[in-house]
2 protein chains.
Amino acid sequence: MTRPEPAEAASRRPTRQRSALLAVLSDTDGFRSAQELHALLRARGDGVGLATVYRTLQALTDQGQVDVVRNADGEATYRRCSTAHHHHLMCRSCGRTVELADSPVERWAARVADQHGFADVQHQLEVFGTCAACAAAREPQR
Amino acid sequence: MTRPEPAEAASRRPTRQRSALLAVLSDTDGFRSAQELHALLRARGDGVGLATVYRTLQALTDQGQVDVVRNADGEATYRRCSTAHHHHLMCRSCGRTVELADSPVERWAARVADQHGFADVQHQLEVFGTCAACAAAREPQR
DNA sequence: AACGTTCATGAGAATCATTCTCGCACAGTT
DNA sequence: AACTGTGCGAGAATGATTCTCATGAACGTT
């Protein structure tokens with residue numbers, strides 16, 4: 001109680017579990033759910049507890065080292081990402097993702113928020129579509 | 001068997017439960033979770049089963065009569081809305097929402113999707129902030 | 001290198017939203 | 001009124017995420 005606050009949850013201890021998780025994230029292309037990542041780690045032999053996966057993912061998210069996107073089911077999916085702010089164009093069929101920078105949304109969001117008296121603005125934008133490959137694979141069937 | 005399909009799951013039977021739910025949605029300003037709506041109904045005396053709330057909400061969503069937005073916790077929240085495509089500016093503190101039309105996102109999303117060979121594009125955009133009232137209420141404390 | 005403090009880990013329990021199951025009730029029809 | 005199909009609701013089931021707490025690893029100090 002009398003102890004002063006631990007400043008910030010800034011730098012945490014480096015552990016095997018954390019680097020294993022980062023490794024899987026780096027080797028992975030699309031967004032993966034915590035459950036999937038947990039399974040992948042186990043498959044690799046780098047077993048990591050599920051709770052730790054969630055904890056670490058959350059920490060990495062707070063640090064901006066990974067992006068979180070909720071899929072249609074509301075499940076959180078994660079991906080290692082460049083730290084700069086950006087959005088994603090995701091194929092709804094194969095999950096392939098393209099990072100999109102420089103959207104006009106940033107400025108627009110700031111402007112309308114200001115117009116309505118809102119401060120401290122954030123936004124969340126995802127674009128979904130069917131990529132060329134998946135579209136081609138589906139076309140013949142119709 | 002020989003009877004032609006019921007066209008679409010368009011109009012279902014009108015029931016007390018459904019109109020009660022629509023009534024609550026109409027009387028409500030912000031987005032509400034299914035659980036909240038269920039509680040509100042119960043408080044009104046128009047008790048409706050939880051399962052029914054979910055079922056009906058889903059049907060209304062499919063018909064485009066309500067909007068669904070997932071909050072930061074991944075919980076689905078619902079609101080009766082105009083059917084035209086639009087986005088929301090939501091206060092992260094009190095939940096107050098403003099509908100935003102005419103964003104530049106539509107065109108931009110279509111363009112970048114095209115550039116990357118993606119077809120059949122959709123997007124999902126929410127803007128969060130702190131509204132003037134909530135900002136004012138918080139200021140003094142610091 | 002050994003020690004003690006502190007923080008991360010992990011197994012399993014607990015939570016919580018959402019969906020499923022299935023018997024019952026009711027609307028519309030004959 | 002009897003029939004038939006559809007909606008309802010209580011509670012169980014599911015599944016992701018979080019919590020608990022005892023154990024173990026990492027770090028700073030001797």
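Every chain is numbered from 1 and lettered A, B, ... according to where its sequence line falls, protein lines coming before strand lines. The figures here come from the full heavy-atom set of this structure, side chains too, leaving out hydrogens, waters and symmetry mates.
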* Could you write nucleotides 20-30 of chain D as a row of B, S and -, 5' to 3', where a protein heavy atom under 4.0 Å of any base atom gives B, of only sugar-phosphate atoms gives S, and otherwise -? -> -----BBS---

* Residue pairs involving residues 115-135 of chain A (criterion salt bridge (charged side-chain N to carboxylate O under 4.0 Å, His left out); sequence neighbours excluded) -> Asp120(A)-Arg92(B)

* Structure fact -> Residue pairs passing the ring pair (Phe, Tyr, Trp, His ring centres under 6.0 Å) test with at least one member in residues 14-48 of chain A, sequence neighbours excluded, are Phe31(A)-His88(A)

Just to verify, what does [X] make a side-chain hydrogen bond (donor to acceptor under 3.5 Å, both in side chains) with, not counting sequence neighbours?
X	value
Glu99(B)	Ser82(B)
Gln17(B)	none
Arg44(B)	Asp27(B)
Arg80(A)	Ser26(A)

* Donor-acceptor pair, side chain of Thr56(B) and main chain of Val53(B), under 3.5 angstrom -> no

Whole angstrom is fine here: how far is it from [atom1] in [X] over to [atom2] in [N]?
X	N	atom1	atom2	result
His38(B)	dG9(D)	NE2	C1'	9 Å
Arg18(B)	dG9(D)	CZ	C1'	15 Å
Gln58(A)	dT9(C)	CD	P	13 Å
Leu57(A)	dG10(C)	CG	P	14 Å

* Asked: Would you say a side-chain N or O of Gln17(A) is under 4.0 Å from OP1 or OP2 of dG10(C)?
  -> yes

Using a cutoff of under 3.5 Å, can you pull out all pairs of nitrogen or oxygen atoms linking the protein to nucleotides 13-17 of chain D, with atom names and distances?
unit_1	atom_1	unit_2	atom_2	d
dT17(D)	OP1	Ala76(A)	N	3.1
dT17(D)	OP2	Tyr54(A)	OH	2.6
dT17(D)	O5'	Tyr54(A)	OH	3.4

* Asked: For Asp114(A), what residues pass the salt bridge (charged side-chain N to carboxylate O under 4.0 Å, His left out) criterion, not counting sequence neighbours?
  -> none

* Structure fact -> Overall bend of the helix from dA1(C)-dT30(D) to dT30(C)-dA1(D) (five pairs an end, 10° steps) is 20°

* Structure fact -> Going by chain and number, the hydrophobic cluster around Leu50(B) (ILVMFWY, side chain to side chain under 4.5 Å) further includes Tyr54(B)

* Asked: Do Leu25(A) and Val66(A) come close enough that some side-chain heavy atom pair is under 4.5 Å?
  -> yes

* Partner set under ring-ring contact (aromatic ring centres under 6.0 Å, His included) for His123(B), not counting sequence neighbours -> His85(B), His87(B)

